[in-house]
Protein chains: 2
Amino acid sequence: MCETVSRDVTETTTEQLCARPPGRPRSERAEKAIIEATLDLLVEEAGVAGVSIEAVAARAGVGKTTIYRRWPNKEALIVDALATLKAPLPEPAGRSVREDLIALARAVHSGRGDRRVDCLWNIIGSWHKHPELVRKLRRDVIEPRREVMRGVLRRGIETGEVRPDLDIEVALPMIAGAMTMQVQGLAPDEDLPDDVAERVVDTALRGLAP
Amino acid sequence: MCETVSRDVTETTTEQLCARPPGRPRSERAEKAIIEATLDLLVEEAGVAGVSIEAVAARAGVGKTTIYRRWPNKEALIVDALATLKAPLPEPAGRSVREDLIALARAVHSGRGDRRVDCLWNIIGSWHKHPELVRKLRRDVIEPRREVMRGVLRRGIETGEVRPDLDIEVALPMIAGAMTMQVQGLAPDEDLPDDVAERVVDTALRGLAP
DNA sequence: TCAATACGAAACGCACCCGTATCGTAAATT
DNA sequence: AATTTACGATACGGGTGCGTTTCGTATTGA
């Protein structure tokens with residue numbers, strides 16, 4: 001497999017590039033536990049400030065050494081932790097614009113309970129303090145998803161399901177924003193009705209005017 | 001005026017209720033500076049965790065004593081600071097639904113640069129850690145504004161400007177969410193086009209479908 | 001003038017966290 | 001078996017913030 005190895009390899013000789021370094025290999029289990037703990041704390045402790053290496057280590061059941069061996073500091077750890085939120089990118093079925101939009105909207109909805117939405121929310125609010133982190137997050141996580149929805153709408157214009165003069169860049173945040181607001185507008189223990197996604201998409205498609 | 005006085009008064013005698021307590025009165029100037037510093041830090045330091053009493057005191061040019069004399073702890077201070085964000089509640093002109101919605105949407109837009117939006121964003125993300133704070137914020141700041149927009153839409157249904165079967169509770173977060181997403185989707189130094197509010201409202205009114 | 005209170009500054013003990021170093025032990029290659 | 005590296009645990013010096021206390025000074029009413 002020859003995966004991983006962020007360790008310094010410096011393959012100076014003509015050896016095979018896949019040479020496994022000597023000594024005990026790093027524990028994948030520990031690495032995963034660290035990432036999980038980081039994401040948990042990011043949500044529970046309300047942002048980057050609430051994540052301390054000591055707390056991550058304690059929660060992951062890991063020594064601080066094990067963290068510092070992999071990441072130089074908190075920021076780097078959080079960047080890597082957020083990167084794991086990227087996948088999976090939703091793939092529209094392509095049967096109809098309405099169905100695809102509902103599926104995408106539902107992906108936001110199902111993100112509730114999941115950590116994803118909370119992480120994003122907590123971090124995006126901190127662009128004043130951590131601009132590069134937020135930029136990375138927008139580029140790697142948010143924008144790809146916007147691009148998917150953008151594709152759906154563009155295809156809709158071609159098939160005639162969407163009016164050709166639609167301002168797509170306004171429509172995107174309208175649907176995403178409506179879902180996010182609904183999701184975040186409630187207390188963590190409340191439940192959202194099952195058909196929010198349908199209602200949002202149908203309202204958006206139909207418009208407010210008579 | 002007989003305003004303020006959170007000090008313990010215990011007017012046991014038959015004296016006038018407005019009796020001013022003896023000694024040097026508390027400085028209004030200091031109080032305002034403290035609130036301002038708190039709000040600033042709430043934005044710049046990305047949330048409740050970033051607000052430390054020591055930092056507030058330093059920024060406000062005030063001794064810690066002066067803060068602890070007024071508030072028992074950080075949470076209470078933040079609650080009071082947020083309360084000052086309540087006013088002013090936007091008042092729709094009532095000429096047309098479109099105009100009113102645009103005015104309301106623009107209020108979000110103009111909140112950019114202002115601290116308001118950033119404060120809300122930062123704090124709402126922390127409902128896991130500070131549920132009571134978030135609840136208060138929603139009740140005192142957000143819900144009144146939703147109610148205004150709700151009123152506009154209801155009136156629109158009566159006048160025929162809005163279709164009578166509209167799901168108002170979906171329409172609200174659609175417009176508000178679209179504005180928020182647009183505002184927060186950009187870097188702090190970028191500028192939003194002047195007509196975002198119009199475009200959002202018009203897109204919402206018209207709908208996506210042909 | 002006197003008593004009462006607020007002010008800013010400084011220091012307190014306590015707790016948390018940083019990033020590093022040092023343990024003895026565990027798991028790989030040779 | 002010997003070597004190499006990772007592991008968790010623990011301790012370190014240094015920093016920051018908490019909430020309290022103690023200063024000397026300033027500002028009010030009586």
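Just so we're on the same page: letters track the sequence lines, and every chain starts at 1.
- Here D:dT27 presents its P atom at 16 Å from CD of B:Glu28, a figure rounded to the nearest Å.
- Positionally, the nearest nucleotide of DNA chain C for B:Ala30 lies more toward the 5' end than for the other of B:Ala30 and B:Lys64.
- Atom NE2 of A:His128 and atom CG of B:Asp40 lie 9.5 Å apart (nearest 0.5 Å).
- Distance check: A:Ile67 CD1 to A:Asn73 CG gives 12.0 Å after rounding to the nearest 0.5 Å.
- In this structure, CD of A:Glu75 is placed 12 Å from P of C:dC18, rounded to the nearest angstrom.
- Relative to the side chain of A:Pro25, the nucleotides C:dA27, C:dG8, C:dG19 differ in distance, and C:dA27 lies closest.
- Between A:Ile123 and A:Ser126, the closest side-chain pair of non-hydrogen atoms falls below 4.5 Å.
- Rounded to whole Å, the distance from CD1 on A:Ile34 to P on D:dA6 is 13 Å.
- The distance from atom CZ of A:Arg29 to atom C1' of D:dA6 is 14 Å, rounded to the nearest whole Å.
- When rounded to the nearest whole Å, the span between OH of B:Tyr68 and C1' of D:dG19 equals 5 Å.
- Atoms CZ (B:Arg69) and C1' (D:dT22) sit 13 Å apart, rounded to a whole Å.
- Here the side chains of B:Leu85 and B:Leu137 are not in contact, with every heavy-atom distance at 4.5 Å or above.
- Remark on DNA chain D: of its neighbouring residues A:Glu54 and A:Thr66, the 5'-side contact belongs to A:Thr66, judged by nearest-heavy-atom nucleotide.
- As a whole-Å value, the separation of A:Lys74 NZ from C:dC16 C1' is 12 Å.
- The side chain of A:Thr65 sits closest to D:dA9 out of D:dT28, C:dC7, D:dA9.
- For A:Ser27, taking side-chain heavy atoms from C-beta onward, the closest of the listed nucleotides D:dG19, C:dC7, D:dC7 is D:dC7.
- Atom CZ in B:Arg24 sits about 17 Å away from atom P in D:dG24, given to the nearest Å.
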